[in-house]
Structures are given as C-alpha cells and as structure tokens.
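Have a look at the structure below before the remarks.
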2 protein chains.
Amino acid sequence: MFSIGDLSKRTKVKIPTIRYYEEMGLLSAPERTEGNQRRYDAAGMERLSFIKHARDLGFSLEAISELIDLQGHPDRSCKAATDIATARLSEVRAKIKRLRALEKELNRISKGCNGDGVSEHCYVLASLADHELCRHEH
Amino acid sequence: MFSIGDLSKRTKVKIPTIRYYEEMGLLSAPERTEGNQRRYDAAGMERLSFIKHARDLGFSLEAISELIDLQGHPDRSCKAATDIATARLSEVRAKIKRLRALEKELNRISKGCNGDGVSEHCYVLASLADHELCRHEH
DNA sequence: TCTTGAACCTCTAGTCACTAGAGATACTAC
DNA sequence: GTAGTATCTCTAGTGACTAGAGGTTCAAGA
C-alpha cells in the first residue's frame, strides 16, 4: 500500500493535485488508515499514471473522465477513444498552425527594432498599436 | 465619443472584458455620462486596440501592462519592448516544439487503432495507460 | 412629451486545473 | 517517549475572462 506521498513521488503528480483529482471524481476514494490517511493500491497508482500521461498529452480532465469511463466498456471503447484522441490531434494541429503565424509575426516585430540607441519611434510598440503593419491574420 | 458597446463592436473585445481591463488598470477609467455610462474618446479606443492586438499575439496582461508603461518612456522603451517581444517569441517557439512532439505521439496513438470492429484491447487506452509505448519524452 | 426596448450599470459567482497556506493530527524512526 | 516529517481539511488565490441577476439610462419613434 502506498501513502499519498509515495504516489506523488512515483507518478510526479503533486499531492494537492492527487486530492483534487479525487474530489473531481477521476480517482476513486482510496482506503484510509485508522488515522484517516489515504492508502493506495496498485490499481490506484495505475489510474493516476493514466491520468498523468493523458494530462501531459494535453487532454482535459473532462476528456480523461470519458476515457476512464470507456475503460469499463470494452465493447464500444475503441471507436470512442479513437475519436477523442483524434479530436485532440486536430486541436494540436490547429494550435501549431496559429503559433507558426505568431512566430513569424513576433519575429518580424522584434527584428524591426535594433534595440539600442535612442529612438522615439519603437517598432515593437508601433506594430502592436497598428494592426495594419501586420502581414498576417491572427 | 463612443459608448462601451461601440468600442466593443469596433475592437471586437467583449463588453465585460473591457470593464475587466479597466478594473485591472490596463485601460484608464473613461468619462461618464450624467447617467453613469462610460464614454470613450479616440485615445481610449486606440489603447484598447493595442491591448487586443497584443492579446491576440499571446502577450499576458502583465506583459501588456509593461508595454503600456513603456509608451510613456520613449527614451528607454525600444530596448525593453524588444526584450518583451523576444521573450514572447521564445515562449512561442518552445510551445511549437512541444506541440510537434505531441502531434507525433497522438498521431501514432490514434492511428494504431482501426476504430471499428469489436476489440477488447484498445490501443488508445493502452497507450495512455502505458508510457513505455511512447517514443518521445513529454 | 411619453413610451418602449435596447443598452448599460454594479455585483457576485463560476470557469479550468491547479497552488498556497493555516492550523491540526498522524505516522515513523530512534 | 519524543522529535520531526507527513498527512489531514478547509479556505482562498491564480489568469483571463464569462454568465447572470436585478436595476438604471439612453435613443428613437408616436
């Protein structure tokens, strides 16, 4: 049996976060010692690892909750789980696209100004004030 | 003079958000009508456009606040503003890098499972449960 | 001038996924 | 037995808004 601190060290999820997941219903409430401290078994640890991994991949707690529910329904889990992962993939791709545009824009803005010397016209500030100077939509 | 609704339509910033920016000190409190409604001048609108544009580029309200302060100090604004923009650029680049790794990972996960048919072993769920299946760090 | 309906006001509370801190209790190693 | 660490619950805070209640003001038409 693992204490919450053991779990935290092994999964690298902070203690208050573990308690938060329990409160949110992602982790089921574990056994307690006589003194009311949480004691987890291997299943609890696996569940937490699953959550951690999914969070690292950017799944929302809501999506993770769905994925966990699906684990109890092997008959229909595969299609639904793939849908969730695919949706997340589209989100990530859209985000990358947007960030690439921003990168170009920021690069242009911060390169426009040489940064030293006294100038009363700062290109960074001017670019932010005037959207017309942008070459992209965002 | 513009009402808060005019400002909202022209800048595409929602009304509660405009009030929020005022509360946070990013926008100075505008004049009011006798009936206590906000009335903005052109300067107020420009300021809000600046904030909107910077937010679209992903600057935090704190960073925007610094940029606004710099507008009052043309002597040292250029270097400092460039620093802020450059820092934001690094953030964006780091984020793109991380998202690219996630994209690969999610692509692998969601492709692994054909999605139809009844299988008691779902590759998506298995991948999330077992980090060892991953080919990258994240 | 009056009325109607849209726009505006303030205030509180909720969102997401945690994080921080207070103050009290329990466990563990010596 | 005791010291020191780990844990408990509870409340409140983060960032950047968003939603809703309940009330007031404005602008246009009759």
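Quantities reported herein were computed from a predicted structural model and do not represent experimental measurements. FYI, side chains are in, hydrogens and waters are out, and symmetry mates aren't considered; it's all heavy atoms of this structure.
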Check A:Ser8 against A:Lys14 and note the closest heavy-atom contact, atom names and distance. OG-CA, 3.9 Å
Side chains of B:Glu103 and A:Arg93 in contact at under 4.5 Å (non-hydrogen atoms): yes
Is there side-chain contact between B:Ser65 and B:Leu26, with heavy atoms separated by less than 4.5 Å? yes
Under 4.5 Å between any side-chain heavy atoms of B:Arg39 and B:Phe2, yes or no? no
Among residues 37-52 of chain A, which contact DNA chain C at a heavy-atom distance under 4.0 Å? A:Gln37
With the threshold set at 4.0 Å, does a side-chain nitrogen-carboxylate oxygen contact exist between A:Asp56 and A:Lys52? yes
Side-chain ion pair, B:Glu91 and B:Arg88, N-O less than 4.0 Å: yes
For DNA chain D, the residues among residues 2-24 of chain A that have a non-hydrogen atom under 4.0 Å from it: A:Ser3, A:Ile4, A:Gly5, A:Ile15, A:Arg19
If you pin B:Ser60 and B:Glu34 to their nearest nucleotides in DNA chain D, which one's is more 5'? B:Ser60
Any side-chain heavy-atom pair from A:Tyr20 and A:Leu61 closer than 4.5 angstrom? yes
Please find the earliest and latest nucleotides of DNA chain C, in the 5' to 3' direction, that have an atom within less than 4.0 Å of any heavy atom of chain A. C:dA17 to C:dC27
Are more than 12 heavy atoms from other residues, nucleotides or ligands located less than 6.0 Å from atom CZ of B:Arg98? no
Is B:Ile15 close to B:Arg38 at the side-chain level, that is, under 4.5 Å between some pair of heavy atoms? no
Quick check: do B:Ile51 and B:Arg47 have side-chain heavy atoms less than 4.5 Å from each other? yes
